[in-house]
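Keep in mind that this is a model prediction, so the values were computed, not measured. Chain letters run A, B, ... following the sequence lines, proteins first, then strands; residues in each count from 1. We use all heavy atoms of the structure for the numbers below, so side chains are in, but hydrogens, waters and symmetry mates are not.
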Amino acid sequence: MNAPDPTPLWIKGARVIDPASGRDEAKGDLFAVDGRLVARLTPAQLAKARKVDARGLVAAPGFVDLNCRLGQPGRSARESIATGTRAAAAGGFTTLLAMPDTLPCVDHPGTLQLIHDICETDAAVRVLPAGALTKGLAGKALAPIGSLAKAGVVAVTDTVGGVENNEIMRRALEYAAMFGLVVLDHCQDSSMTEGAQMHEGAVSLRLGLRGFPSAAEEVVAASDCALAELTGARIHLQHLSAARTVDAVRRARSRGARVSAEVSPLHLLLTDRALAGYDPNLKLNPPLREEGDRQALLAGLAEGVIEAIASDHSPCTATEKDREFDLAPFGAATLEVAFAAAHEAVVLGGVADLPTLLARLTSGPARILGIEAGTLAEGRPADIALLDPKAGWVFRARDSASLAGNHALEGRRLRGRVKATFVGGRKVT
Amino acid sequence: MAPTTRWKSKDLIGIDPLGEDDIGMVFREADRFLPALSRAGGLSLLKGHTVVNLFLEPSTRTRTAFDISAKRLGAEVVSIDTSASSLVKGETLRDTALNIEALKADAIVLRHSSAGAAAYLARQVGISVINAGDGAHEHPTQALLDAYTLRRRFGKVAGLKVTILGDILFSRVARSNILCLGKLGAEVTVAGPATLVPERLAEAFPGVRIERDLRKALARADAVMLLRIQHERQTTTHFPSLGEYTSQFGLNAARAAWLKPGAVIMHPGPINRGVEVESDLADGPRSVILDQVSHGVAVRMAVLNLCMGASRR
């Protein structure tokens, strides 16, 4: 990654929204020196500062993404750290938690070192690798979580493989807590989802596709909540999709369990009805569900039961996706449209205001990871997103910085666009 | 139904996009071809055309019926099945289809285990694509021939009460029939094990009735369609055994006695004799199973002629 920008930065006349501090200033300025935010510049610094006219724009902390995949190592036909982080920058993200399901997976400090080395030279934004929870993501035996923590992981997860053995999950929670690591879980009882292609409901019945019942997510979320209470450890549930999962998290939190949750922008915006034409780029795991689920996710987000919006950027090549629906892999490339999708669903949908949306993209995920990001507080890294919430635009794959060939929402009219992104005071897009 | 109505699509992907007029057009075409079936020699409407049967899932009846239908219209027929296709060498469906198009074939009849495969293929190629069954999604020519059989038997389909019995969940025949019969104004009831007849079918297919009482489901029917129990699609959890299926839902003489006097028994084949239906009933006077098979040729001739005609235009 590039070194902090030594040129002082002066962002002028923006609506400054910093959810972490509650700051919402109609016309404000931001200043940075040596990559960190400062209260003001000296006259000498002002004179040589890079001035950014941000009138009419919103200045927010750079977004923090709890769930994305960057292709390297091993999946570099799908994405690379260079391309994935540039797509992230185009989408306003300045800190990414990269999932460990690479080839090889991140269950060894050596792999972690490799990722750090690539990031050193290639990454346009900050990349925090997540470690595997179990060896080989196989769900059988714990990965060397202590060594991974020492090598710099900030969270551990088996991601879409999920840990289904409750004894292993219990011990993983206890063990990871020793190192202050949060455990992330993808909730899916795979015994209920064999051959599943989309949400189980009226649409899957109509299309003749096997479905993921909502209950396959709910039962695992419920057991995760029980284990969080048993161990007193922190657990974070990834990309919720079902209404009753939101309820489970709400109930557990009200009892004081240390449970947090995220949702993806596509799950906030779309339902299973979007699959009527068998669009493989909307074949997701967890799947897009029904309107009642979408409304429950939005309500949970507004209320704060769901503290984070995570892109769930899962790049695939066009060739991998260009085939029969049930043979195509799951996932969509979303980093560049995440803000616009969430903005449409949450703000334009009248569910919550812009500062609340931005909290879920910045301070919320940063708090879950316990990292120094997602805020515009003085002294913090000058990671900033400049947004135009009113801008209408159409996303085109050919304009994408990502290598992926599975863009969601291509050709859709979007409202709300990221105009510029700064990492350590340096403009990266 | 204006007589000027024209068949619009080069493809037949499913019943879903068809209107009542389209279905009527297929029936009128089939009426035209039906008398020719028993006559020696064929027609030459599709002379000089090539139809490729791309069957990537086992099938005898449907494939043979398409084969005969195309030949009766004067077309050349090439059949490709799973074991002979390059798909076993890793070629994608898209490439297989593009190659068939480059070989200057005029139509592809596709049978595939993936729902949505026919629509996918139709987007890749400019030639006609006829869906001969895509996963658990649709099997439109089967539904058309079933409705055609009912129309010939009862004079019209509107107002008929049709009960579909068996594995609805995994059945493309059930889906296409529910849609087709619904569009023609019949009243469709579905029945069978709760694991294979989910409640939400009523929401997925507005107008369809779910009847949990087998006696009631049979007693109201003018026609009962039995579906084959498909071992290859059901996971082990949907019912305990074929024997238990037969004891609970198999159509036997005692249950057939619940049927109305004029009610007919239908089956898309292949029949598992002694499982979903007793042999005597399958061969008995109520059975129109073999009529379905012969009507299948006339209906498929109609579909091929209409779609390939639209493709030429």
Side-chain angles (χ1 to χ4, degrees), chain A residues 189-216 242-243 271-284 287-293 316-330 405-406 410-411, chain B residues 13-17 56-57 87 90-98 110 112-124 131 133-139 168-176 178-179 190 196-206 208 210 233-238:
Chain A
D189 180 339
S190 64
S191 72
M192 296 180 76
T193 59
E194 205 186 315
Q197 306 294 329
M198 65 175 294
H199 168 65
E200 179 183 302
V203 179
S204 69
L205 278 175
R206 182 90 182 199
L207 294 177
L209 292 169
R210 289 193 193 214
F212 292 78
S214 299
T271 66
D272 58 350
R273 293 184 176 277
L275 285 159
Y278 298 94
D279 179 356
N281 291 345
L282 295 178
K283 176 178 171 176
L284 309 175
L288 297 171
R289 298 197 191 268
E290 298 176 34
E291 184 57 18
D293 296 298
C316 298
T317 66
T319 309
E320 287 175 300
K321 281 285 196 179
D322 182 15
R323 53 186 319 181
E324 300 90 319
F325 187 86
D326 58 355
L327 301 178
F330 290 94
N406 59 327
E410 184 171 10
Chain B
I13 303 306
I15 299 294
D16 210 4
L56 304 175
E57 218 185 32
L87 282 104
E91 188 176 61
T92 61
L93 177 62
R94 180 167 182 270
D95 284 323
T96 302
L98 292 175
L110 179 72
H112 196 293
S113 60
S114 297
Y120 170 80
L121 195 70
R123 285 196 300 270
Q124 312 298 325
N131 184 5
D134 62 328
H137 178 224
E138 282 231 42
H139 190 355
I168 311 296
L169 180 59
F170 294 108
S171 174
R172 53 189 168 219
V173 174
R175 281 181 179 74
S176 286
I178 290 168
L179 292 168
V190 292
L196 295 172
V197 185
E199 282 294 330
R200 296 194 72 180
L201 277 169
E203 190 187 330
F205 297 95
V208 83
I210 297 173
R233 276 185 225 288
Q234 284 133 12
T235 55
T236 49
T237 50
H238 289 87

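- When each of A/G195, A/G201, A/A202 is checked for heavy-atom pairs under 4.5 Å with chain B, A/A202 comes out on top.
- The part of B/Q124 that comes within reach of chain A is its side chain, from C-beta onward, which places non-hydrogen atoms under 4.5 angstrom from that chain.
- Comparing B/L169, B/D16, B/I168, B/L121 by how many heavy-atom pairs each has under 4.5 Å with chain A, the most go to B/D16.
- Donor-acceptor pairing under 3.5 Å is lacking for the side chains of B/H137 and B/R172.
- The two residues A/L209 and B/A115 make their nearest non-hydrogen contact at CD2-CB, 3.7 Å.
- When all heavy atoms are compared, the tightest approach of A/R206 to B/P206 is NH1-CD, 4.2 Å.
- Of the two parts of B/Y120, only the side chain, counted from C-beta on, holds a non-hydrogen atom closer than 4.5 Å to a non-hydrogen atom of chain A.
- With a threshold of 4.5 angstrom between heavy atoms, A/Q197 does not approach chain B through any atom at all.
- Looking at every heavy atom in both residues, A/G292 comes nearest to A/A243 through O-CB, 4.1 Å.
- Among A/L205, A/T319, A/V203, A/L207, the residue with the largest count of heavy-atom pairs under 4.5 Å with chain B is A/L205.
- Looking only at atom types and distance, the side chain of B/E57 has no donor-acceptor partner in the side chain of B/H112 under 3.5 Å away.
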